[in-house]
Amino acid sequence: MIILGIETSCDETAAAVLEQKTERIQILSNVVASSASLQTKYGGIIPEQAAREQVKSIIPVIEEALTQAFPNYSLQPTHYDLPIDAIAVTYGPGLIGSLLVGVETAKVLAKIWNKPLIPVNHLLGHFWANWINNSISIIDYRTSERQHDKRLTINDMPIFPCLGLLVSGGHTDLVLFTDHDKYQYLGGTRDDAAGECFDKCARLLNLPYPGGPEISKLAQKGDPNKFKLPIPMQNKGLDFSYSGLKTSVSNIVHGLSENKNNIRLTINDKQNLATSIEETIIKSLVNKVVLAIQKYSVEQIIVAGGVAANQKLTKELGTRCKELGVKLHVPPPYLCTDNGAMIAARAFFEKPIDLLKVQANPNLNLG
Ligand code: KG4
Ligand code: ZN
């Protein structure tokens with residue numbers, strides 16, 4: 001079974017071809033074009049601009065993914081013998097303009113190639129990146145940059161029941177999975193997502209978008225004791241909250257600046273603040289994961305989403321999971337941020353539906 005996965009929910013245009021063979025899910029190709037560097041100029045995503053970039057990139061990205069997977073292939077509307085069994089596409093949640101580009105492209109391709117269409121919830125897609133077995137390089141088709149990963153083996157596939165932590169730009173959710181299609185929502189953020197908090201704090205520090213990797217880089221050189229930030233939601237519940245943390249950072253930044261209209265922080269202040277921001281977000285996430293592990297007595301945890309690319313977070317989670325005897329699954333960084341491979345991976349466990357019934361749903365959730 002071979003599936004082409006298409007992902008366009010936000011500012012990444014992505015397509016990947018995956019094969020399921022004797023229980024293993026392998027990547028044959030995985031191509032991502034990101035418009036994040038364009039969004040950087042404005043300090044965040046402008047939905048219309050993201051959608052326009054999706055329109056420009058979608059066909060080249062799909063063509064590249066198919067060409068890498070099948071070197072003799074050429075993108076022709078009449079190419080019926082294309083060796084894929086189905087097309088999977090993210091139908092939500094996300095930005096409506098961006099989602100529509102992927103969904104409508106997938107529908108047209110499913111029609112002209114006569115292939116079944118499998119709509120995939122982006123959030124489940126993030127989690128199912130943990131079911132991908134093989135290692136492969138990812139290629140950004142604009143920069144031709146490659147990343148390599150040699151990690152998973154067949155033994156590393158998650159086993160149910162498992163706790164899921166999704167930490168992305170739009171979501172911070174805890175979910176208990178008991179099977180591929182059975183799950184219970186345990187808690188989530190009441191306001192900003194963890195990734196959103198990284199991005200908003202980065203903006204306060206005058207760092208480019210996306211803020212998570214920028215804060216993480218600066219944090220390596222900071223002193224965590226210079227700025228004390230409150231750890232949010234230190235109760236026994238499984239919900240998260242990050243808007244208060246952002247406000248605390250904003251108050252500190254304004255307090256450090258003599259001229260409120262022209263905020264200038266020293267590099268030391270930036271590094272120290274970045275360290276405290278990263279530590280506080282990580283502590284709040286790890287605290288809730290430990291609570292959920294104890295409450296539901298799980299032995300496996302799957303982590304997913306862009307913030308899971310944060311090495312300090314995965315290291316800290318790894319230490320706590322080891323102490324608790326829990327197996328931690330985290331995809332390699334290039335499968336944590338948005339990609340087409342995770343959408344195809346999830347699609348192996350979903351059924352196709354009539355393509356006329358597939359509709360973009362920006363507000364889809366796990367709740
Ligand atoms: O999953 P994702 O690519 O897109 C969404 O579905 O939202 O996540 C993007 C988020 C951004 O907020 C970005 O700042 C954050 O993931 N992120 C990180 C790191 N890499 C990406 N946050 C912390 N540390 C990182 N290394
Ligand atoms: Zn995502």
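Counting starts at 1 for both ligands and their atoms, in listed order.
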Q: Report the nearest protein non-hydrogen atom to atom 22 (N) of ligand 1: residue, atom name, distance rounded to 0.1 Å.
A: Gly212 CA, 3.3 Å

**Q.** Residue, atom name and distance, where the atom is the protein heavy atom closest to atom 24 (N) of ligand 1
**A.** Asn310 ND2, 3.1 Å

Should the pair [X]-[Y] be classified as a salt bridge under the 4.0 Å nitrogen-to-oxygen rule?
{"X": "Glu299", "Y": "Lys327", "result": "no"}
{"X": "Arg346", "Y": "Glu350", "result": "yes"}
{"X": "Lys115", "Y": "Asp85", "result": "no"}
{"X": "Lys200", "Y": "Glu196", "result": "yes"}

Q: Would you mind finding which of Leu313, Asp338, Ile215, Asp11 brings a heavy atom closest to atom 2 (P) of ligand 1?
A: Asp338

Q) Which one of Gly306, Ala14, Pro210 has a non-hydrogen atom at the shortest distance from atom 20 (N) of ligand 1? A) Gly306

Residues [X] and [Y]: side-chain donor-acceptor under 3.5 angstrom:
{"X": "Asp192", "Y": "Ser243", "value": "no"}
{"X": "Glu53", "Y": "Gln49", "value": "no"}
{"X": "Asn339", "Y": "Tyr334", "value": "no"}
{"X": "Asp269", "Y": "Thr266", "value": "yes"}
{"X": "Gln54", "Y": "Thr8", "value": "no"}

Q: May I ask whether Glu214 has any heavy atom positioned less than 4.0 angstrom from an atom of ligand 1?
A: no

Q.
Less than 4.0 Å is my threshold; does some heavy atom of Pro213 fall inside it relative to ligand 1?
A. yes

[X] neighbourhood, listing ligand 1 atoms whose heavy-atom distance to it stays under 4.0 Å:
{"X": "Gly169", "value": "5 (C), 7 (O), 8 (O), 9 (C), 10 (C), 12 (O)"}
{"X": "His126", "value": "1 (O), 6 (O)"}
{"X": "Gly170", "value": "7 (O)"}
{"X": "Gly211", "value": "14 (O)"}
{"X": "Asp199", "value": "11 (C), 12 (O), 13 (C), 14 (O)"}
{"X": "Gly195", "value": "12 (O)"}

Q: Consider every N or O of Thr337 and every N or O of ligand 1, then say whether any pair is closer than 3.5 Å.
A: no

Q. Any nitrogen or oxygen of His122, main chain or side chain, under 3.5 Å from a nitrogen or oxygen of ligand 1?
A. yes

Q) Which angle, to the nearest 10 degrees, do you find at the Zn ion (ligand 2) between OD1 in Asp338 and NE2 in His126? A) 90°

Q. For His122, what is the atom name of its N, O or S atom nearest to the Zn ion (ligand 2)?
A. NE2

Q: Evaluate the ring-ring contact (aromatic ring centres under 6.0 Å, His included) criterion for residues His180 and Phe160: first the C-alpha distance (whole Å), next the side-chain angles of each, then the deciding distance (0.1 Å), finally the verdict.
A: CA-CA 8 Å; His180 289 288; Phe160 298 112; 4.9 Å; yes

